Peer 1: 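Here's a structure for you.
We name chains A, B, ... by the order of the sequence lines, and we start the count at 1 in each one. Because the structure is predicted, anything quoted here is derived from the model rather than measured. Just so you know, these numbers use all the heavy atoms, side chains as well, and skip hydrogens, waters and symmetry mates.
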Number of protein chains: 2
Amino acid sequence: MANNLQFSIAVHLLAGLACGCDQKGVTSGHLAESVNTSASFVRRTLAKLSKAGLVETATGKAGACWLAKDAKNISLLDIYQAVDAPKAFAIHGYSEQKACFVSCHIKAALEKALTKTQKAMAASLAEISLAQIVSDVKKK
Amino acid sequence: MANNLQFSIAVHLLAGLACGCDQKGVTSGHLAESVNTSASFVRRTLAKLSKAGLVETATGKAGACWLAKDAKNISLLDIYQAVDAPKAFAIHGYSEQKACFVSCHIKAALEKALTKTQKAMAASLAEISLAQIVSDVKKK
DNA sequence: TTATTCTGCAACTATTGTGGTAACAGTTAT
DNA sequence: ATAACTGTTACCACAATAGTTGCAGAATAA
């Protein structure tokens, strides 16, 4: 476990909604079955997607959820940001050792590198739309 | 904790070796002080870098380590691969639900997306050399 | 109105990946 | 021989993650 699966699962959920493999009126329970995880975790993830404006939900007895936009207009980057997935790599937060200037200044240098890499990653994710994922799934 | 810091620390270590902030004959103990972690963890990380041919070490009483190549010829990608850092994102490994074809085929689609993103990330890391990092550190 | 069945949210628990620690074998300079 | 380092392994503690449970709120149907 201990790895962050929310992004992966969020894409799965949205793909499910996008291709309507279940008929109208999909509940978190249905989605949970497809992903094979707990309904609660689905709702937790779905809540983030909802806040990001990627899905809309209905409460109440006939509760359900659906895509808020066309799958073509949802990129993996949107999803990545919505679930607040971890950065490309982490930077260690040890206290600086005054005697060694590498120790004092490495953090800034690493952050610069991280920013650059993060941008490259984001650009790549932005190029993939949910529609593309759905298409790949259906092709198989 | 629980985040992977090896990459970050490896860069720190190599930067330290590259700029020779400590005089010749750097031991894992010295490096550990700079990074502010345990000597053992330094050795563990250093061992990976050594296997990848980025550093060379001397065993025995006067043990030490130094860069195997010029800092200009070491990219962050080399370091990233040497420490076997985690991928851009993880893919969930839940079992397939036969009734739902999204569940059955999402993994392949995700892997395709991951490969693409991973390449973008690698390309970005490849553009940054250790010499660049050292330069940034010294500039500060 | 009442019962039902969803979502939304907030604990709490269990698992597991991570670095920290310690111990030991191997190597080399003194 | 002794000392001091690397290389490696095994084990421990911590923390982040997902799983679980419970409950309030909302909408529908009777």
Side-chain angles (χ1 to χ4, degrees), chain A residues 1-10 12-13 17 22-33 35-52 54-66 68 82-87 89-95, chain B residues 1-10 12-13 17 22 24-33 35-66 68 82-87 89-95:
Chain A
M1 200 198 301
N3 253 330
N4 192 311
L5 301 174
Q6 284 214 22
F7 174 71
S8 169
I9 288 172
H12 186 152
L13 292 176
L17 292 177
D22 298 302
Q23 51 281 47
K24 236 4 185 188
V26 185
T27 68
S28 63
H30 291 150
L31 286 170
E33 276 178 31
V35 181
N36 207 7
T37 184
S38 63
S40 174
F41 186 45
V42 169
R43 285 208 293 270
R44 221 184 297 175
T45 305
L46 227 37
K48 287 187 184 177
L49 298 174
S50 170
K51 271 173 194 144
L54 301 182
V55 303
E56 291 176 356
T57 61
T59 59
K61 178 168 181 184
C65 56
W66 57 90
V83 299
D84 196 30
K87 295 285 186 299
F89 58 84
I91 296 179
H92 60 290
Y94 297 116
S95 62
Chain B
M1 200 198 302
N3 254 330
N4 192 309
L5 301 175
Q6 284 212 23
F7 173 70
S8 169
I9 288 173
H12 186 152
L13 292 175
L17 292 176
D22 297 302
K24 233 13 182 182
V26 184
T27 68
S28 64
H30 290 152
L31 287 170
E33 278 179 28
V35 180
N36 207 7
T37 184
S38 64
S40 177
F41 185 45
V42 169
R43 285 206 297 269
R44 223 183 297 173
T45 305
L46 228 36
K48 287 188 183 175
L49 297 174
S50 168
K51 269 172 195 147
L54 300 182
V55 302
E56 291 177 354
T57 61
T59 58
K61 177 169 180 181
C65 57
W66 58 91
V83 299
D84 195 30
K87 296 287 189 297
F89 58 86
I91 296 179
H92 61 288
Y94 298 120
S95 62

Peer 1: So, is N3(B) near the phosphate of dT18(C), with a side-chain N or O under 4.0 Å from OP1 or OP2?
Peer 2: no

Peer 1: When you measure from the side-chain N and O atoms of T37(A) to the phosphate of dA18(D), is any distance below 4.0 Å, counting only OP1 and OP2?
Peer 2: no

Peer 1: Think Q6(B) has a side-chain N or O under 4.0 angstrom from the OP1 or OP2 of dT18(C)?
Peer 2: no

Peer 1: For dG8(C) and T57(A) - does any side-chain N or O of the residue sit under 4.0 Å from the phosphate oxygens OP1/OP2?
Peer 2: yes

Peer 1: Let me check something: any side-chain donor-acceptor pairs from residues 48-58 of chain B under 3.5 Å, sequence neighbours excluded? List them with distances.
Peer 2:
| unit_1 | atom_1 | unit_2 | atom_2 | d |
| --- | --- | --- | --- | --- |
| K48(B) | NZ | Q6(B) | OE1 | 3.2 |
| K48(B) | NZ | V83(B) | O | 3.4 |
| E56(B) | OE1 | W66(B) | NE1 | 3.2 |

Peer 1: Identify whether any heavy atom of S38(B) sits under 4.0 Å from a base atom; if not, whether one sits that close to sugar-phosphate; answer base, sugar-phosphate or nothing.
Peer 2: base

Peer 1: Go through the structure and list residues passing side-chain hydrogen bond (donor to acceptor under 3.5 Å, both in side chains) with T45(A), not counting sequence neighbours.
Peer 2: none

Peer 1: What contact category does K48(B) fall into here, base, sugar-phosphate, or nothing, at under 4.0 angstrom with non-hydrogen atoms?
Peer 2: nothing

Peer 1: If you look at every heavy atom in L5(B) and A90(A), which pair is closest and at what distance?
Peer 2: CD2-CB, 3.9 Å

Peer 1: Who passes side-chain contact (heavy atoms from CB on, under 4.5 Å) against T59(A), sequence neighbours left out?
Peer 2: none

Peer 1: Taking CD from E56(B) and C1' from dT27(C), how many angstroms apart are they, rounded to a whole number?
Peer 2: 17 Å

Peer 1: Once you round it to whole Å, what is the distance between P of dA18(D) and CG of L13(A)?
Peer 2: 12 Å

Peer 1: Applying side-chain contact (heavy atoms from CB on, under 4.5 Å), name anything that partners D84(B), two or more places apart in sequence or on another chain.
Peer 2: none

Peer 1: For F41(B) and dA13(D), give me the distance from atom CZ to atom C1', rounded to whole Å.
Peer 2: 15 Å

Peer 1: Output the single nucleotide from dC9(C), dT7(C), dT6(D) whose closest atom is nearest the side chain of T27(B).
Peer 2: dT6(D)

Peer 1: What is the distance from CG of L5(B) to C1' of dG20(C), rounded to the nearest Å?
Peer 2: 12 Å

Peer 1: Between dT17(D) atom C1' and H92(B) atom NE2, what is the distance in whole Å?
Peer 2: 15 Å

Peer 1: Between L31(A) and C65(A), which heavy-atom pair has the shortest distance, and what is it?
Peer 2: CD1-SG, 3.8 Å

Peer 1: Excluding sequence neighbours, so at least two apart, what forms side-chain contact (heavy atoms from CB on, under 4.5 Å) with K61(B)?
Peer 2: none

Peer 1: Reading nucleotides 23-30 of chain D 5' to 3', which nucleotides get B (base under 4.0 Å from a protein heavy atom), which S (sugar-phosphate only), which -?
Peer 2: ---BBBS-

Peer 1: Roughly, in whole Å, what's the span from CG in N4(A) to P in dT17(D)?
Peer 2: 6 Å

Peer 1: Using only side-chain N and O atoms of S28(B), determine if any of them is under 4.0 Å from OP1 or OP2 of dT6(D).
Peer 2: yes

Peer 1: Taking the nucleotide of DNA chain D with the closest heavy atom to each, which residue, R44(A) or P86(A), is nearer the 5' end?
Peer 2: P86(A)

Peer 1: Give the rounded distance in Å between these two atoms: CD1 of I9(B) and P of dT18(C).
Peer 2: 13 Å

Peer 1: Figure out the CG/C1' separation between L46(A) and dC6(C), and round it to whole Å.
Peer 2: 13 Å

